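Structure, as structure tokens:
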Amino acid sequence: MQQTLTPHVYWAQRHEDIYLRVELIDAQVSGERGPVNPPFEAINKPLTNILGFYLAPQGHGARGQNDYEFSLPFLNAVKTEVSHRSTQRQVNITVRKQLSGWWDRLTLQEKKPLFLAPDFDRWVDESDAEMELLEKEEKKNRLNMESRLSDPSFITLKKGFLFTYNLVQFLGFSWIFVNMTIRLFILGQDSLYDTFYTISDVMFFCQILASVEVLNAMFGVVKAAVVPAFIQVVGRNFILFIILGSLQEMHNKPVVFFVFYLWSSIEIFRYPFYMLGCIDTEWKTITWLRYTIWIPLYPLGVLAEAVAVVQSISVFDQSRLFSIPLPEALGSSVSFSCVLYVYLPLMVIGELAIIVMKNGS
């Protein structure tokens with residue numbers, strides 16, 4: 001004789017969904033092995049929070065051929081659309097909450113039905129569910145960003161932007177390199193002392209514009225690590241604006257020539273390499289120079305930057321520029337040179353880290 005039984009139901013929740021696992025322990029499905037799809041019906045009573053579930057797996061169990069039915073008065077409103085997936089021994093049901101949020105319990109009554117129990121396989125605390133929701137949102141945003149980045153129109157726009165950026169930087173550093181080279185041949189040693197006055201404006205422009213490289217790496221416009229780009233851009237701008245730009249006594253130092261010349265010598269090969277990449281073209285000579293010329297020049301650039309920092313320490317001590325004020329009980333102020341003593345080893349470590357990262361890539 002066919003009976004209507006109440007199955008064991010296990011539940012768990014997330015902020016947007018309720019998960020129900022219905023155990024059909026008395027259903028022995030006849031026929032071939034594999035998942036079964038028993039007739040399933042979810043009945044929603046209008047203007048209430050109650051969902052009734054009717055399941056009729058075909059087959060005979062210990063109690064003969066049975067139907068399964070149960071009803072749940074939910075704590076809050078749920079949507080009528082219910083999804084389910086059936087297997088040999090259970091039906092997994094997902095119910096969407098009408099409003100996203102965490103429920104203190106599943107049913108309207110504080111005392112839960114006897115057939116209902118927590119599903120500890122899927123059970124999480126509210127804080128864990130919030131972390132799971134955040135991870136899901138981050139993954140969704142990342143996939144949306146990747147899909148936008150892979151859109152043909154966006155790729156064309158991105159390549160146009162990157163080509164223009166690299167072209168402007170190439171022209172700027174080429175002007176610096178050519179100008180300094182010509183002046184060196186014409187004026188000789190005298191050109192070492194007025195580099196800042198003749199070159200600094202273009203160098204300021206190029207180094208400010210280089211901040212775009214950090215943003216490009218940060219937002220995934222280019223496939224590059226954010227940390228090396230950030231260290232290089234911030235390090236150079238610190239040397240340019242704080243060490244050289246803020247101290248008039250540093251303007252006529254020969255070290256300015258070596259810093260500017262080494263920077264531009266590296267960039268006049270790096271930016272053409274990136275430009276060619278934007279149009280899917282490769283010149284082997286440019287590629288070789290881009291990955292080779294920096295090996296001797298980059299450490300020399302770091303050395304020149306370190307010399308500039310060392311030479312500026314005495315100037316900061318005398319001028320008291322950027323001194324850090326202290327409470328009267330401790331003294332008047334701390335010279336900015338104390339910051340430079342800390343910055344100098346950090347700068348060398350950071351630049352060495354960039355070298356290691358570039359060699360690793």
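Quick caveat, the model's predicted, so the values are computed rather than measured. Throughout, numbering of the chain's residues begins at 1 and tracks the sequence.
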Quiz prompt | Within the 6.0 Å centroid threshold, strictly below: F241 and F204 | solution = yes
Exercise. To the nearest 0.5 Å, tell me how far T6 OG1 sits from F115 CZ.
Key: 6.5 Å
Quiz prompt | Sole candidate of F173, Y271, W263, F170 that passes side-chain contact (heavy atoms from CB on, under 4.5 Å) when paired with C206 | solution = F173
Quiz item: Under 3.5 Å, side chain of K97 to main-chain N/O of R14, donor-acceptor pair present?
Solution: yes
Exercise. Let me see the working for S265 and I293 under side-chain contact (heavy atoms from CB on, under 4.5 Å), right down to the final yes or no.
Key: CA-CA 8 Å; S265 299; I293 199 70; over 6 Å; no
Quiz item: Is Y19 reachable from V22 through a run of hydrophobic residues whose side-chain heavy atoms are each under 4.5 Å from the next?
Solution: no
Exercise. Can you see which heavy atom on S246 is nearest to which on F322, and at what distance?
Key: OG-CE1, 3.6 Å
Self-check item: W288 atom CH2: more than 12 heavy-atom contacts under 6.0 Å
Solution: no
Quiz prompt | Check: C278 and F161 side chains under 4.5 Å, non-hydrogen atoms | solution = no
Quiz item: Where do Q169 and E267 land on the side-chain contact (heavy atoms from CB on, under 4.5 Å) test, with the steps shown first?
Solution: CA-CA 8 Å; Q169 288 288 64; E267 306 300 15; over 6 Å; no
Practice problem: Please report the shortest heavy-atom distance between A224 and A217, naming the atom on each side. | Solution: O-CB, 3.5 Å
Quiz prompt | Nearest non-hydrogen partners of S323 and S335, listed with the distance | solution = OG-CA, 4.1 Å
Exercise. Can you spot which of Q109, E110, R105 makes a side-chain contact (heavy atoms from CB on, under 4.5 Å) with L75?
Key: R105
Quiz item: For L289, does its backbone N or O pair with a side-chain atom of T292 as donor and acceptor, under 3.5 Å?
Solution: no
Quiz item: Judged by atom type as modelled, is there a donor-acceptor pair below 3.5 Å linking the side chain of T285 to the main-chain atoms of W283?
Solution: no
Quiz item: Just wondering, do E23 and Q90 contact through their side chains at under 4.5 Å, heavy atoms?
Solution: yes
Self-check item: Atom pair CZ (R320) and CZ (F336), whose distance is rounded to the nearest 0.5 Å
Solution: 12.5 Å
Self-check item: SB check R270 E213 (cutoff 4.0 Å)
Solution: yes
Quiz item: Less than 4.5 Å apart, any side-chain heavy atom of D119 and any of W11?
Solution: no
Self-check item: Gap separating the CG atom of N92 from the CZ atom of R85, nearest 0.5 angstrom
Solution: 5.0 Å
Self-check item: Y343 atom OH: more than 12 heavy-atom contacts under 6.0 Å
Solution: yes
Quiz item: Do you know the tightest heavy-atom contact between V255 and A308?
Solution: CG2-N, 3.9 Å
Self-check item: Within-4.5 Å side-chain heavy-atom neighbours: V78 and I18
Solution: yes
Quiz item: Is the ring centre of F260 less than 6.0 Å from the ring centre of F177?
Solution: no
Exercise. Decide yes or no on ring-ring contact (aromatic ring centres under 6.0 Å, His included) for Y291 and F273, but give the supporting numbers first.
Key: CA-CA 10 Å; Y291 286 108; F273 172 80; 5.4 Å; yes
Quiz item: Hey, is the main chain of I239 close enough, under 3.5 Å, to the side chain of R236 for a donor-acceptor pair?
Solution: no
Quiz item: V212 and Y165: which non-hydrogen atoms are nearest, and at how many Å?
Solution: CB-CE1, 4.0 Å
Exercise. Treating Ile, Leu, Val, Met, Phe, Trp and Tyr as nodes and any side-chain heavy-atom pair under 4.5 angstrom as an edge, say whether V259 and I231 lie in one connected cluster.
Key: yes
Quiz item: For the hydrophobic clusters of this structure (ILVMFWY residues joined by side-chain heavy atoms under 4.5 Å, transitively), does one cluster hold both L209 and V222?
Solution: yes
Quiz item: Is the backbone N or O of G277 less than 3.5 Å from a side-chain atom of E282, with the two atoms forming a donor-acceptor pair by type?
Solution: no
Quiz prompt | T181 and Y261: side chain donor to acceptor below 3.5 Å | solution = yes
Practice problem: Check the hydrophobic clustering (I, L, V, M, F, W, Y; side-chain heavy atoms under 4.5 Å; chains of links allowed) and say if L346 and V233 are grouped together. | Solution: no
Practice problem: Can you establish whether the number of heavy atoms outside L99 located under 6.0 Å from its atom CG is more than 12? | Solution: no
Self-check item: pair L247-F316: side-chain heavy atoms closer than 4.5 Å
Solution: yes
Exercise. Check whether any side-chain heavy atom of V256 sits under 4.5 Å from a side-chain heavy atom of L192, and report yes or no.
Key: no
Self-check item: Test: R183 and D194 ion pair at under 4.0 Å
Solution: yes
Practice problem: To the nearest 0.5 angstrom, please state how far the CD1 atom of I295 sits from the CG atom of L300. | Solution: 12.5 Å
Quiz item: So which heavy atom on S337 is nearest to which on D317, and how close?
Solution: OG-OD1, 2.6 Å
Quiz item: Can you tell me how far CD1 of I268 sits from CG of L171, rounded to the nearest 0.5 angstrom?
Solution: 12.5 Å
Quiz item: Hey, does the side chain of H251 reach the backbone of L244 with a donor-acceptor pair shorter than 3.5 angstrom?
Solution: yes
Quiz item: Quick one: does S191's side chain have a donor or acceptor within less than 3.5 Å of a partner on G188's backbone?
Solution: yes
Quiz item: Would Y341 end up clustered with I349 when hydrophobic side chains under 4.5 Å apart are linked, directly or stepwise?
Solution: no
Quiz prompt | CG on N237 to CD1 on I243, rounded to 0.5 Å | solution = 12.5 Å
Quiz item: With side chains defined as the heavy atoms from C-beta onward, is the minimum distance between L162 and N216 less than 4.5 Å?
Solution: yes
Quiz item: Any chance CD1 of I279 has more than 12 other-residue heavy atoms, nucleotides or ligands included, within less than 6.0 Å?
Solution: yes
Quiz item: Run the side-chain contact (heavy atoms from CB on, under 4.5 Å) check on L106 and W103 step by step: do they pass?
Solution: CA-CA 7 Å; L106 180 64; W103 293 3; 4.3 Å; yes
Quiz item: Can the positive tip of R290 be found less than 6.0 Å from the middle of the six-membered ring of F269, inside 45° of the ring normal?
Solution: no
Practice problem: Evaluate side-chain contact (heavy atoms from CB on, under 4.5 Å) for I199 paired with N179, printing each intermediate quantity in order. | Solution: CA-CA 8 Å; I199 304 297; N179 189 298; 3.6 Å; yes
Exercise. Report yes if some heavy atom in the side chain of Q189 is under 4.5 Å from a heavy atom in the side chain of Y193; otherwise report no.
Key: yes
Self-check item: Cationic N near anionic O, under 4.0 Å, K79 to E16
Solution: no
